[in-house]
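First the proteins, then the strands, lettered A, B, ... as listed; each starts at 1.
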There are 2 protein chains.
Amino acid sequence: MERPELPLPQLHAFVVLAEELHFGHAAARLGIAQPPLSQQIRRLEDRVGHALFSREPGRVALTAAGRELLPAARRALTDLTDGLAAARAVGSGRAGRLRIGFAASLALTVLPGLLRTFRQRFPAVHLDIREMTTAPQIAALHDKAIDIGLLREPPADEPEIAFRTVLSEPFVAVLPAAHPLAAQRTVHIAQLADSPFVLLPRAAGPGLYDRITGLCTDAGFTPRTAQHAVEWQTVCALVETGLGVSLAPAGIRRIRLKGVAFRGIAPGTARTRVAVAWREADPNPLVAHLLATVGGE
Amino acid sequence: MERPELPLPQLHAFVVLAEELHFGHAAARLGIAQPPLSQQIRRLEDRVGHALFSREPGRVALTAAGRELLPAARRALTDLTDGLAAARAVGSGRAGRLRIGFAASLALTVLPGLLRTFRQRFPAVHLDIREMTTAPQIAALHDKAIDIGLLREPPADEPEIAFRTVLSEPFVAVLPAAHPLAAQRTVHIAQLADSPFVLLPRAAGPGLYDRITGLCTDAGFTPRTAQHAVEWQTVCALVETGLGVSLAPAGIRRIRLKGVAFRGIAPGTARTRVAVAWREADPNPLVAHLLATVGGE
DNA sequence: GCGCTCCATACCTCCAGAGATATCAGGTCA
DNA sequence: TGACCTGATATCTCTGGAGGTATGGAGCGC
């Protein structure tokens, strides 16, 4: 890459003159007087070392050398204006790419609305959406493998990562339709003490897992886990088969399954928080934009 | 085409720094001190409106905006250096295109050597070679359809067209091998008075035609034309069949045909000139180069 | 011949940018 | 803690280019 020899303003003048083939008109299009244009062209020709235009009285025409230079000059100019526009779009956060990790349970609740409004506000932004459980999201944020995390029960005091609560959901009891408690409108957690539980594995999201088991111990028992499943969809299916019951964020009511009943619980104060997470020091304007779209806190 | 916003020197510095990712090294590669480089980058970032590099202590890295701008800057710079080189090559006559018209009878004599030496001197020049008789060559020169003509018996006083003699050939008599005169080493033109002639049509090259008939009238007779043919090759073939005799430039001896004899003529002073023709005012350096390669005069 | 068009030339102003040196500030490492 | 690396900042000089106005000079049409 050698040092550039031809100044851009001269090349711009060259391209315009090549289009107009008339010094007066070209100068007008450039918004300058005619003599400066003559000078620009002359300087450019001096640098190139050869005439770029033939000036026979009455007609200006490109020389062979000019014809050779013209496409290169055109490409360079358009490349630069396009590149500049793209860089500005990305720099200002009107374009670019944002990598989002989300917990599976949010695929049916907060995620769709969020994506819809963000996409209509920033249509030029490419969104990379990947399902991840909580712990990998935190790791991916540290590794800069994702820019945004959407998770439940944000861990306290994670260094360099910031959280903002987006949604606070009550819990519901997930019961087989045939379960005796399904007859009640509301279920006391303590009433679940004798039923086996179907839960997500703790590793998938320690925060939520501990929250659920915490609710049980608060109610005076330790839940007996009959089965683990990695998706809420599966949890519901297993509950339907009568394998056990579960406690889940209210959002999973959207999973409609015939043999499964969802019932509010008492005490109703038990809630689970959905949070958005990001690197505190991330300069990416898209992160700020996304935070503005989710609102919350 | 809008006015360019980003000066090339800054883009150059940007590209080099993007490659080195180290201000000191990049400055060294640019042959300047480090502070000016910091300034250049800063100015560029100010224009773009966004940071192009992230300077965390210990490591310099491109930002998303910088990654967006980099390929455009690279392309623009290489386009310009390439375009400049091409324009200079064409301007100086080291490259480009030259259109040459030539008389068919020269395809076997002056043309091959001329093309060979020109091509080895200017390998980047594309040669457009087309066969044309004399009159169309002159017209094509005026119309700028060709840049160089190679013809016989250049017309005197053609305005704006210059000629230079490349070769002066004697005439030879073209005889059927069985012709009585084929027994002589040299033939007097007058001896051909009773034989019918095979000639090129006058329109193909009035100069040469008039020259040949002039030789005959000088020898005291008017040639009787038995047949016209548009190529010397055909002339020879017709002579071989015994249809007549001919007078031709010595160069056609290269056409080896069993039944045809070539004999020198008396007086031996009769010669035909091959000339190169060009537009007197042609600024194309390739024309000058070609004239230099043919030499002559 | 006169005026018009069109480009070139001459000459001036002005400023942005490229370059320098000197110095400072934040990290890293021994 | 001090030496060192790395990049930023401050300040100065100087030049080249971009722009202007005024004018010259070659063709062309009437």
How many Å lie between CD on B/Q40 and P on D/dA8, as a whole number?
13 Å

Show the nearest heavy-atom pair for residues B/L62 and B/L21, with the distance to one decimal.
N-CD2, 4.3 Å

Taking only N and O in the side chain of B/R55, is any of them less than 4.0 Å away from OP1 or OP2 of D/dA8?
yes

To the nearest angstrom, the CG-P distance between B/D46 and C/dA18 comes to 12 Å

Just checking B/R3: base, sugar-phosphate only, or nothing, at a heavy-atom cut-off of under 4.0 Å?
sugar-phosphate

Atom-pair distance (CD on A/E5; P on D/dG16), nearest Å:
15 Å

Side-chain N or O of B/R43 less than 4.0 angstrom from OP1 or OP2 on C/dA18?
yes

Side-chain ion pair, A/D79 and B/R74, N-O less than 4.0 Å:
no

Carboxylate-amine/guanidinium contact B/K144 B/D282, below 4.0 Å:
no

Using a 4.0 Å cut-off on protein heavy atoms (strictly under), produce a 5'-to-3' string for nucleotides 24-30 of chain D with B for base contact, S for backbone-only sugar-phosphate contact, and - for none.
---S---

Could you run down the sub-3.5 Å N/O contacts of the protein with nucleotides 20-22 of chain C?
from: C/dA20; atom 1: OP2; to: B/A33; atom 2: N; distance (Å): 2.8
from: C/dA20; atom 1: N6; to: B/Q39; atom 2: NE2; distance (Å): 3.0

Contacts of A/R42 meeting side chain to side chain contact (heavy atoms under 4.5 Å, CB included) (sequence neighbours excluded), chain-then-number -> A/D46

Indicate the atoms forming the closest heavy-atom contact of A/A86 with B/E68, along with that distance.
CB-CG, 3.4 Å

Whether A/F118 and A/F122 hold their rings parallel, tilted or perpendicular, with breakpoints at 30° and 60°:
tilted

Taking only side-chain N and O atoms of A/S38, does any of them lie within less than 4.0 angstrom of OP1 or OP2 on C/dA8?
yes

Within the 4.5 Å heavy-atom criterion, are A/F163 and A/R273 side-chain neighbours or not?
no

Whole-Å gap separating P (C/dC6) and CZ (A/F53):
17 Å

Shortest non-hydrogen contact from B/L80 toward A/A72:
CD2-O, 4.1 Å

Tightest non-hydrogen contact, residues A/R279 and A/L141, listed as NH1-O, 2.7 Å

Atom-to-atom span, CG of B/L8 to C1' of C/dA18 - whole angstrom:
14 Å

Provide, to the nearest angstrom, the distance between the CD atom belonging to A/Q10 and the P atom belonging to D/dG16.
13 Å

Considering only residues two or more places apart or on different chains, which pairs with a residue in residues 70-98 of chain A satisfy ring-ring contact (aromatic ring centres under 6.0 Å, His included)?
none

A/R130, CZ: over 12 other non-hydrogen atoms inside 6.0 angstrom:
yes

Do any side-chain atoms of residues 30-41 of chain B form donor-acceptor pairs under 3.5 angstrom with protein atoms, and if so which ones, sequence neighbours left out?
from: B/Q34; atom 1: NE2; to: B/S38; atom 2: OG; distance (Å): 3.1

Provide, to the nearest angstrom, the distance between the CG atom belonging to B/L44 and the P atom belonging to C/dA16.
17 Å

In whole angstroms, how far is the P atom of C/dC7 from the CG atom of A/L37?
9 Å

Give one of base, sugar-phosphate or nothing for A/R42, where a contact means two heavy atoms less than 4.0 Å apart.
sugar-phosphate

Name every residue in residues 12-27 of chain B that has at least one heavy atom under 4.0 Å from any atom of DNA chain D, in order of residue number, or write none if there are no such residues.
B/H22, B/F23, B/G24

